[in-house]
Amino acid sequence: MPFVLPDLPYAYDALEPYIDAETMHLHHDKHHEAYRKKLVEAVEKHPDLGDKPAEELLRDLNSVPEDIRTAIRNHGGGYVSHCLFWESMKPSGGGEPSGELGEAIEKTFGNFAELKTKFNEAGTKHFGSGWVWLVVKDGDLSIITTANQDSPLSQGIVPLMGNDLWEHAYYLKYQNRRPEYLEAWWNVLNWDAIEERFNRA
Ligand code: MN3
């Protein structure tokens with residue numbers, strides 16, 4: 001099978017109290033697994049796609065055979081974005097990034113607090129399911145949201161970190177209080193991983 005469900009890089013309850021263990025189990029074991037499974041089913045219809053990484057398929061959706069394009073967009077997007085999501089968090093995370101990413105945040109947003117405010121606002125205002133992202137777009141940092149499981153990669157944009165705005169990501173603990181979940185998320189961010197992504201971008 002070409003696409004595997006990565007193990008969480010920490011225990012299911014490691015992000016408590018910000019993200020509860022039950023949500024992590026459902027989110028990783030059921031939701032992420034469902035995207036992975038449907039991505040595999042789609043790709044299996046076109047053996048000619050070979051072992052192309054999902055990221056590559058998403059970057060060039062127009063070259064994906066039409067009969068599976070929507071499936072790749074939805075389930076490939078879901079598969080890839082969730083891989084990035086788990087890696088962007090860690091127990092006892094949070095704080096502020098330093099180094100070149102820290103400097104770029106100051107240059108673009110003025111300061112870290114402003115990045116956080118703008119990111120949370122964008123995530124709160126986004127209607128329905130989707131993601132809010134910190135990305136590198138045309139060489140600069142930017143905050144965007146995408147609908148459903150659409151990946152920034154399909155717009156030629158490099159995602160550095162993204163928070164999941166689907167209710168499955170927060171409803172058990174936060175119910176309809178999405179802003180509270182968005183605020184709490186900053187306590188579990190793994191800035192080392194995000195900085196590394198920035199340095200590669
Ligand atoms: Mn999700």
Side-chain angles (χ1 to χ4, degrees), residues 1 3-43 53-55 57-59 61 70-91 93-94 119-135 143-155 157-190 193-194 197:
M1 215 157 2
F3 303 108
V4 295
L5 184 70
D7 288 333
L8 287 180
Y10 34 76
Y12 287 93
D13 62 358
L15 305 180
E16 299 257 17
Y18 306 107
I19 304 182
D20 58 290
E22 193 184 0
T23 295
M24 291 298 284
H25 267 290
L26 287 167
H27 201 175
H28 176 270
D29 306 354
K30 306 293 182 192
H31 290 278
H32 195 182
E33 170 61 11
Y35 296 123
R36 187 202 65 79
K37 203 167 154 240
K38 286 178 181 161
L39 168 65
V40 170
E41 283 167 15
V43 168
E55 287 88 345
L57 298 172
L58 290 168
R59 271 190 209 105
L61 274 179
T70 301
I72 298 298
R73 178 176 169 179
N74 291 340
H75 306 299
Y79 173 71
V80 167
S81 295
H82 284 86
C83 291
L84 185 127
F85 183 61
W86 312 129
E87 287 169 9
S88 302
M89 301 186 287
K90 67 170 187 181
F119 189 94
N120 289 353
E121 265 174 22
T124 300
K125 281 182 191 158
H126 180 84
F127 181 74
S129 297
W131 291 77
V132 54
W133 305 95
L134 176 66
V135 299
I143 292 166
I144 65 164
T145 64
T146 55
N148 305 316
Q149 293 296 351
D150 287 355
S151 171
L153 295 172
S154 304
Q155 302 175 44
I157 295 171
V158 182
L160 299 181
M161 66 185 211
N163 199 357
D164 191 332
L165 303 175
W166 287 59
E167 285 183 343
H168 68 227
Y170 62 86
Y171 208 85
L172 284 181
K173 183 174 172 69
Y174 296 94
Q175 288 86 46
N176 60 329
R177 303 186 305 278
R178 186 193 278 181
E180 213 175 290
Y181 159 71
L182 284 164
E183 182 65 34
W185 190 61
W186 296 81
N187 293 299
V188 294
L189 282 181
N190 181 350
I194 298 161
R197 234 170 262 143

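The shown structure was predicted, so the numbers you read here are calculated from the model rather than taken from an experiment. Counting convention: from 1, in listed order, for ligands and their atoms alike.
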Taking 2.8 Å as the upper limit, name the protein N, O or S atoms near the Mn ion (ligand 1).
-> H27 NE2, H82 NE2, D164 OD2, H168 NE2
Does the S154 side chain pair with the main chain of L58, one donor and one acceptor, at a distance under 3.5 Å?
-> yes
Which residues share a ring-ring contact (aromatic ring centres under 6.0 Å, His included) with Y174, sequence neighbours left out | Y181
Does any N or O in the side chain of H82 come within less than 3.5 Å of the main-chain N or O of G78, such that one atom is a donor and the other an acceptor?
-> yes
Geometric class of the W131/F85 ring pair [parallel <30°, tilted 30-60°, perpendicular >60°] = perpendicular
Under a 4.5 Å cut-off applied to non-hydrogen side-chain atoms, are H168 and L26 in contact?
-> no
Quick one: do E41 and K38 make a salt bridge, cutoff under 4.0 Å?
-> no
